[in-house]
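Notes for the one structure printed next.
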Amino acid sequence: MKLFNLIYALLLISSLTKAQHYAAEQIPTALKNRAHAVIRDSKTVIDMRSSDNVLISINKVITVLNKNGDRQAQLALFYDKNTSIKYAKGEIYDEFGKQIGKFSLSNFRDESAVNDFSLFEDSRVKYYIPQVNNYPYTIAYTYEIRNKQNLIIPEWKPVSGFDVSVEKSSYQFISNPLDEVRFLAKNYKGKPEELSLEKQKSSTWKVEGLHAIKHEPYSPNPDAYFTSIKVAPKNFSYYNFKGNYTDWKGLGKLSYDYLLKDRRVLSVETVQLIKDLVKDETSDKAKAKKIYEYFQKKTRYISVQIGIGGFQPIKAAELDRLGYGDCNALVNYMQALLETVGIESYYCVVEAGEEKIDLLPSFASMEQGNHIILCLPLNGDTTWLECTSQDAPFGYLGSFTDDRWVLACTKDGGRLMKTPKFEVAISRQIRNAALVLSKDGKISGSLTTTFEGSQFDNHYFLTKKSPSEKQKQLKYLYDINNIEFTSIDLVADNEVPRFTEKLAVTIDSYANASNQRISLTPNVFNLKRSVPSVRNRTLPLEMKRGYTDIDSIFFKLDESILPFLLPKTIVLESKFGQYQAEIKMKDGKLFYYRKLMMEDGIFEPSDYEAFENFVNEVASNDRIRIILVLKKTKE
């Protein structure tokens with residue numbers, strides 16, 4: 001009986017201690033400021049003492065302060081034939097630290113992790129979403145993952161996103177004493193704690209008291225200011241594939257020799273077909289263009305995720321037969337077609353996305369990069385190809401892969417190359433319109449808009465749409481009340497490349513007509529949006545891509561309309577760009593001219609107020625209304 005009472009007392013003390021620890025009131029006030037969730041404690045341990053049996057253990061306690069922090073409490077565990085979930089369990093506590101629920105792996109939902117474009121992919125995900133409606137609440141969980149590889153070690157990011165603060169978090173990496181492992185610490189103050197024993201060594205990074213960072217408009221990629229640790233072992237094992245590397249040259253050579261080599265063999269028939277296709281072309285560039293156009297008509301993109309963990313492309317002959325493949329297979333196939341006529345090309349790994357994310361020049365690792373593109377050196381006339389698109393112009397890379405460092409895998413090893421940047425002067429949207437303004441406020445007429453450089457993609461997607469969908473999408477893009485398109489003509493000049501949009505439009509009641517006057521905004525089609533105010537900004541300001549917009553609009557006025565009170569020319573200049581707007585009578589017509597050039601670049605947080613003022617002044621001038629008068633009719 002005494003033993004029972006002792007055990008009960010110990011359990012009660014443990015429960016009270018845990019409740020006191022998990023109570024939301026224990027969180028320092030400073031960590032609640034601007035936060036939707038607080039990571040109370042997090043411990044990550046990576047045990048890589050065996051290259052084909054890497055254990056990842058996670059213990060985490062998170063307090064969710066409000067509904068906006070719910071996502072931080074959700075848990076998603078991915079697995080496949082190379083990754084297994086050993087266990088997962090946790091508890092949920094209320095505001096006062098009292099346990100109100102618990103869960104185990106049996107409570108997780110299990111479903112395919114593939115997307116709509118995937119085929120032959122066996123990745124799955126188990127996920128758990130707490131069903132709690134009272135805030136704040138706390139979730140504490142622990143799980144362990146087993147990886148049969150050490151080529152890709154998960155990156156440590158103690159701060160999981162914006163509006164999240166951290167009480168304390170640690171990351172421990174354990175390996176054998178003789179293992180060579182490279183680490184890259186970003187935005188980490190201090191050095192890791194090192195411990196060496198006879199059978200293992202470890203490095204531990206710790207952070208405490210990290211305040212929440214609010215998302216601010218036009219801020220750079222979070223990788224630039226969030227703490228992270230990347231890991232890359234020299235010797236690796238992956239799907240029974242073993243090797244070693246320490247830099248990009250070695251990784252590129254490894255990829256070429258073991259993943260790509262001998263996978264570009266084509267049938268005799270296909271080789272002859274390609275040679276016949278380009279027999280009349282006199283330059284390598286003309287041959288490559290013709291082959292690319294053939295390639296685009298023959299293939300389509302679909303994620304296949306087979307081979308060595310999705311890194312190794314299917315053989316070119318197989319894709320030639322099937323007609324579809326993922327990005328690495330399509331690039332490999334295009335390389336094979338070019339090789340039939342002696343044109344060299346490079347298989348290039350890139351981190352694709354609207355954010356410009358470079359492969360880190362000083363730190364090579366296999367986990368960097370999520371897409372493959374093709375580079376053709378062409379004797380100094382370097383040309384880049386996007387091989388997953390059936391209609392991209394030859395030599396055009398859009399904002400998905402522009403202006404970033406990529407890895408070219410060549411027979412001589414890897415080399416870092418930079419994809420082209422779209423300069424401000426060539427990223428143009430030029431619009432010319434001829435409109436008629438009637439005395440009842442209706443405007444009608446035609447407009448022609450050309451899109452070049454980074455703006456080529458702005459409306460190019462419309463070419464694939466049905467007539468009804470084009471109407472719908474154009475109304476959304478122009479966002480003008482009562483606008484109707486009576487004709488739509490879309491033309492892509494893939495040689496430049498340039499996309500041209502020719503439209504016939506009517507807009508009922510565009511101008512306000514009353515009391516013998518008509519008022520309207522002459523800038524019909526291109527209104528700059530204002531930017532939100534941010535006081536005490538902490539993050540830099542980044543304009544990722546510069547551009548130039550030029551609008552020229554002629555209004556033929558109804559004979560009963562006379563100009564009145566036309567504004568003067570407006571000119572604005574700043575480090576962020578230049579703006580000019582002009583309204584005048586020209587050749588008997590009302591003429592509106594607008595030019596806006598926005599610069600790209602990274603600016604100091606203190607510059608944001610000036611940026612806000614410039615953009616908002618542009619937005620205000622874009623909406624200037626002019627007054628026209630109607631001739632008085634004789635009674």
Side-chain angles (χ1 to χ4, degrees), residues 260 263-301 313 316-317 319-320 323-325 327-348 350 372-398 400-403 406 408-412 415 417-423 426-428 450-454 456-457 460 463-464 490-500:
L260 307 175
R263 303 191 76 79
R264 296 191 294 274
V265 178
L266 294 169
S267 67
V268 175
E269 292 78 12
T270 298
V271 171
Q272 190 59 49
L273 185 152
I274 298 301
K275 288 182 177 179
D276 291 341
L277 180 70
V278 300
K279 63 182 180 181
D280 296 327
E281 304 298 336
T282 57
S283 70
D284 280 352
K285 191 163 189 176
K287 291 177 183 179
K289 184 175 182 295
K290 201 157 191 176
I291 293 172
Y292 183 63
E293 290 168 350
Y294 163 83
F295 164 86
Q296 287 181 303
K297 292 176 183 177
K298 180 178 175 60
T299 64
R300 61 189 175 93
Y301 170 78
L319 195 145
D320 189 49
Y324 61 79
C327 59
N328 55 26
L330 291 167
V331 167
N332 180 70
Y333 178 57
M334 183 63 192
Q335 276 191 291
L337 297 178
L338 293 170
E339 283 182 359
T340 64
V341 292
I343 298 177
E344 183 182 23
S345 61
Y346 303 147
Y347 179 103
C348 295
V350 58
I372 308 296
I373 54 178
L374 190 62
C375 176
L376 285 62
L378 293 177
N379 295 319
D381 186 11
T382 304
T383 301
W384 297 84
L385 299 180
E386 173 55 65
C387 294
T388 62
S389 172
Q390 293 176 286
D391 49 27
F394 176 77
Y396 176 78
L397 294 181
F400 195 55
T401 53
D402 68 323
D403 190 25
V406 305
C409 302
T410 79
K411 61 183 178 182
D412 299 318
R415 53 183 288 203
M417 302 181 69
K418 191 89 175 212
T419 57
K421 177 183 178 180
F422 293 111
E423 300 294 345
I426 65 170
S427 294
R428 301 185 298 179
T450 59
F451 304 86
E452 299 178 70
S454 66
F456 176 84
D457 288 330
Y460 182 62
T463 58
K464 306 172 187 177
L490 308 177
V491 179
D493 180 355
N494 288 348
E495 298 295 330
V496 177
R498 179 189 294 119
F499 176 65
T500 302

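- Between the side chain of R263 and the backbone N or O of P313 there is at least one donor-acceptor pair closer than 3.5 Å.
- Atom CG of D276 has more than 12 neighbouring heavy atoms from other residues, nucleotides or ligands inside a 6.0 Å radius.
- K285 has its side chain out of reach of L376: every pair of non-hydrogen atoms, C-beta onward, lies at least 4.5 Å apart.
- Between K279 atom NZ and I274 atom CD1 the span is 13.5 Å, to the nearest 0.5 Å.
- Between atom CD of residue E269 and atom CG of residue D320 there is a gap of 9.5 Å, rounded to the nearest 0.5 Å.
- Nearest heavy atoms, L260 versus C409: CD1-CB, 4.0 Å.
- Side chains of F499 and L490 form a contact here, defined as non-hydrogen atoms less than 4.5 Å apart.
- Distance CG/D403 to NZ/K418: 5.0 Å, rounded to 0.5 Å.
- Between K297 and E293 there is no salt bridge, since none of the side-chain N atoms of the basic residue sits less than 4.0 Å from a carboxylate O of the acidic one.
- Two residues are said to be in side-chain contact when any heavy atoms from C-beta on lie closer than 4.5 Å; L378 and I343 meet this criterion.
- Residues A286 and E281 share a closest heavy-atom pair of CB-OE1, 3.4 Å.
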Go through the steps to decide whether K411 and E344 satisfy the test salt bridge (Lys or Arg N to Asp or Glu O under 4.0 Å), and finish with yes or no. CA-CA 11 Å; K411 61 183 178 182; E344 183 182 23; 5.7 Å; no
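- Q296 places a side-chain N or O within 3.5 Å of a backbone atom of S389 that can act as its donor or acceptor partner.
- For the pair F400 and D457, the minimum side-chain heavy-atom distance is 4.5 Å or more.
- Although no hydrogens or angles enter the test, the distance criterion places a donor-acceptor pair under 3.5 Å between the side chain of Q335 and the main chain of S345.
- Of the possible polar contacts, one joining the E386 side chain to the T388 backbone as a donor-acceptor pair under 3.5 Å is found.
- Nearest approach of Y346 to A408, heavy atoms of both residues: CB-CB, 3.9 Å.
- Aromatic rings of Y324 and Y333 (six-membered ring for Trp) have centroids beyond the 6.0 Å cut-off, not under it.
- I372 places a side-chain heavy atom less than 4.5 Å from the side chain of Y347.
- Here the closest heavy-atom approach between residue F295 and residue L330 is recorded as CE1-O, 3.5 Å.
- You'll find the side chain of V406 reaches within 4.5 Å of the side chain of W384, heavy atoms only.
- Between the T500 side chain and the R498 main chain, no donor and acceptor come within less than 3.5 Å of each other.
- A distance of 9.0 Å separates CG of L277 from OG1 of T340, quoted to the nearest 0.5 Å.
- With hydrogens and angles ignored, the 3.5 Å screen pairs a side-chain donor or acceptor of T419 with a backbone N or O of T401.
- Taken from CG in N332 to CG in L319, the straight-line distance is 8.5 Å, to the nearest 0.5 Å.
- Side-chain contact between L337 and T270 is present, with heavy atoms from C-beta onward closer than 4.5 Å.
- Minimum heavy-atom separation, V265 to A316: O-CB, 4.1 Å.
- Between F456 and Y460, the ring-plane angle classifies as tilted under the 30° and 60° cut-offs.
- Nearest heavy atoms, C387 versus L374: SG-CB, 4.1 Å.
- Note that the OG atom of S454 and the CD atom of E423 stand 10.0 Å from one another [nearest 0.5 Å].
- I291 places a side-chain heavy atom less than 4.5 Å from the side chain of M334.
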